[in-house]
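To start, the structure itself, in structure tokens.
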Amino acid sequence: MRWTRYFINTLREVPADADVVSQRLMMRAGMIRKVAAGIYTYLPLGLRSIRKLEAIVREEMNRAGAVELLMPAIQPAELWMESGRWQKYGKELLRIKDRHDRDFIFGPTHEEVITDTVRDGVSSYRQLPVNLYQIQTKFRDEVRPRFGLMRGREFIMKDSYSFHTSRESLDETYESMRIAYSAIFNRCALDHVPVEADTGNIGGSASHEFMVLAQSGEDAVVSCPSCRYGANIEKATSKFFDADTQPGAIEELAPIHTPGTKTIDDVGRFLGKPTSQLVKTLVFQTENGAVMALVRGDREGSEIKIKNHLGVNMLEMLGDADFESSTGGPIGYCGPVGTKCLRVLADASLKGRANWVVGGNKVDTHLSGANPGRDFPEPEFGDFTVVFAGDPCPRCGTELQIHRGIEVGHVFKLGTKYSESMNCVYLDEKGERQPMIMGCYGLGIGRTVASAIEQSHDDDGIIWPMPIAPFEVVVTSVGKDEAVVKMATELYEKLLAAGVDVLFDDRDERPGVKFKDADLIGFPLRIAVGAKSLANGHVEWSLRKDRVKQLLSPEEALAKTIEAAIAN
RNA sequence: CGGGGUGUAGCGCAGUCUGGUAGCGCACCUGCUUUGGGAGCAGGGGGUCGGAGGUUCGAAUCCUCUCGCCCCGACCA
């Protein structure tokens, strides 16, 4: 491809609304163009990288035994009503009506359609397992789209769904998908880590996310530096020891006058005790009513963990308005003794501890010597707190670390959630109807490309990993000298003939402009042809990643380029 | 959904307070000079100032409504 015949528009200035590096560079390099919030055009250069990644994904999916199909972006509401997600999915579901006023949605994911497809096409255990995938544009009406391709409302995703007759079979496919995902990210030279994850809106029993570690990541990843433990902070646990707490003698329940101590820090200061020895009370509103969660004073409650434990759809901090009527105590002095809350949860770090200091459900009053089982009903113990950096690893006890990460892939064991609600069954060897056991596997295409840029760039532009670079090589002619143009054209044509993905910068521009553009777009290899070096029989060969220039004969440059390009 | 900000040429911005009919840089076109890391000079094209309504002799500027976009929070694949 010749630059002058292509469609590239690089920007010297950064668009004002781009705030992460991948978005800035993709916009400046002319790869994407914003059309509306979270909605982008993939310009020719950007589309090339997307297509290259898609090809890699197809290869690895096919290798893993998955079979490609393509489902519609638009889906009838009935399927979503059947699975129950028409109500549950919320405002992110982009809903539309057709001319007959019938309800449809733009698909954010395809569990419903694939389940409908498979229940129709599979009736015997002999046809299972099957693993189907597609690469397609998804729609999620995000509350706050941002960061370019990182969080769009319209985005390209690879999604696969597998159907099985047994847990073991699901485990096998799940494992093969995890291997395929790692292979894909490795081929893109992405520094990634698989971690345990919450299942969120999709549901199911187990799930892992593939995280690319990057400062701009929107997720927090907890990892252990010595064993392989890694988890999204939503899911992460720690082996949390409470060394300070010895059961000791059981005290009597006694009120303490604690005027003006609304926060846990106030109480700690007032009583002269570290907050770790106090109990913090959190109250949430759910669709079933108010719920209380008790955590150690120096820890933070995890809404996701609490929500999962309760099995509710809605969980939010209880507002001021109906606080007292729901809990029986004022804000700041709320506690488990005599509470009106329906359920009381307590973090595992409190288990076995005696003589709790808790809110007294009366203004300016706390209670000491509160003992579960005696002074208030035994709470439901569980892991309800957020892991902090430095907490002991749940597996080996080493201090955990927390990093920012970008979620580029997510695999789930769905079990029978959709097959049961949607009656997706097969006949087993005995002729009995059984729900299929399902798995699903998502991979964000645009997000992966953006992540590659997040991980690999410098002040001048993108440094592409060769496999997803829009072009592998740029041939830059420097000046209009006849011999230069002739040599550059010849090199370009030979590279083309050798099957190398090459762009010929044949523009009538000053060298500085061409080099700056080449660095910005980030072609992994560059051959520059200029009059001075050509007079000595040389062209200049360099890699984008180190920009070390080598003077080579045209033949050597050609051979080296072909070797480097074909190598991947 | 709450809070804050912003909308003027393809991109980055000034002009708005104090009303007088739109400007700068980049990009683009023409010419000359230049030519190995975003050239110089000269000339030129391009904007219903987000939209609607109002006030006024006159509105980018003041008022009302509305829409888009951005940030923080809440929420969430």
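Labels below follow one simple rule: chain letters A, B, ... track the order of the sequence lines, proteins then strands, and each chain is numbered from 1.
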Using atom [atom1] of each nucleotide, how far apart are [N] and [M] to the nearest Å?
{"N": "B:C11", "M": "B:C70", "atom1": "P", "value": "14 Å"}
{"N": "B:G68", "M": "B:G51", "atom1": "C1'", "value": "10 Å"}
{"N": "B:U55", "M": "B:G46", "atom1": "C1'", "value": "32 Å"}
{"N": "B:G47", "M": "B:G5", "atom1": "P", "value": "32 Å"}
{"N": "B:C13", "M": "B:U8", "atom1": "C1'", "value": "10 Å"}

Could you check whether [X] gets within reach of a base, just the sugar-phosphate, or nothing at all, counting any heavy atom under 4.0 Å?
{"X": "A:Gly30", "value": "nothing"}
{"X": "A:Glu218", "value": "nothing"}
{"X": "A:Asn9", "value": "nothing"}
{"X": "A:Lys307", "value": "sugar-phosphate"}
{"X": "A:Gly479", "value": "nothing"}
{"X": "A:Arg33", "value": "nothing"}

Among B:C69, B:G38, B:C11, find the nucleotide with the atom closest to the side chain of A:Glu13.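 Ranking B:C69, B:G38, B:C11 by closest atom to the A:Glu13 side chain puts B:C11 first.
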
Side chain of A:Arg547, heavy atoms from C-beta onward: which of B:G12, B:G37, B:C69 has the nearest atom to it? B:G37

Basic-acidic side-chain contact under 4.0 Å: A:Glu490, A:Lys494: yes

May I ask you to check whether over 12 heavy atoms, not counting those of A:Lys305, lie within 6.0 Å of atom NZ?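 Check passes, neighbour count above 12.
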
Any side-chain N or O of [X] under 4.0 Å from OP1/OP2 of [N]?
{"X": "A:Arg146", "N": "B:C69", "value": "no"}
{"X": "A:Arg144", "N": "B:C72", "value": "yes"}
{"X": "A:Lys532", "N": "B:U35", "value": "no"}
{"X": "A:Arg510", "N": "B:A39", "value": "yes"}
{"X": "A:Arg12", "N": "B:C26", "value": "no"}
{"X": "A:Lys480", "N": "B:U34", "value": "no"}

For the residue pair A:Glu154 / A:Thr137, report whether a side-chain donor-acceptor contact shorter than 3.5 Å exists. no

Who passes ring pair (Phe, Tyr, Trp, His ring centres under 6.0 Å) against A:Phe504, sequence neighbours left out?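 For A:Phe504, the residues satisfying ring pair (Phe, Tyr, Trp, His ring centres under 6.0 Å) (neighbours in sequence not counted) are A:Tyr492.
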
Counting Watson-Crick and G-U wobble pairs only, both distances under 3.5 Å, name the nucleotide matched with [N], or none.
{"N": "B:U6", "answer": "B:G68"}
{"N": "B:G47", "answer": "none"}
{"N": "B:C57", "answer": "B:G20"}
{"N": "B:G73", "answer": "B:C1"}
{"N": "B:A27", "answer": "none"}

Minimal non-hydrogen separation, A:Val387 against A:Ile402, with atom names: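 Heavy-atom minimum between the residues: O-CD1, 3.7 Å.
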
Cationic tip of A:Arg95 above A:Trp80 ring, under 6.0 Å, 45° of axis: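 Judged by the rule (NZ or CZ under 6.0 Å from the ring centre, within 45° of its axis), A:Arg95 is not positioned above A:Trp80.
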
Ring center gap for A:Phe412 and A:His410 short of 6.0 angstrom: yes

Could you state the [atom1]-[atom2] distance from [X] to [N], rounded to the nearest angstrom?
{"X": "A:Ile39", "N": "B:C69", "atom1": "CD1", "atom2": "P", "value": "8 Å"}
{"X": "A:Lys34", "N": "B:C70", "atom1": "NZ", "atom2": "C1'", "value": "7 Å"}
{"X": "A:Arg544", "N": "B:G37", "atom1": "CZ", "atom2": "C1'", "value": "12 Å"}
{"X": "A:Asp519", "N": "B:G38", "atom1": "CG", "atom2": "P", "value": "11 Å"}

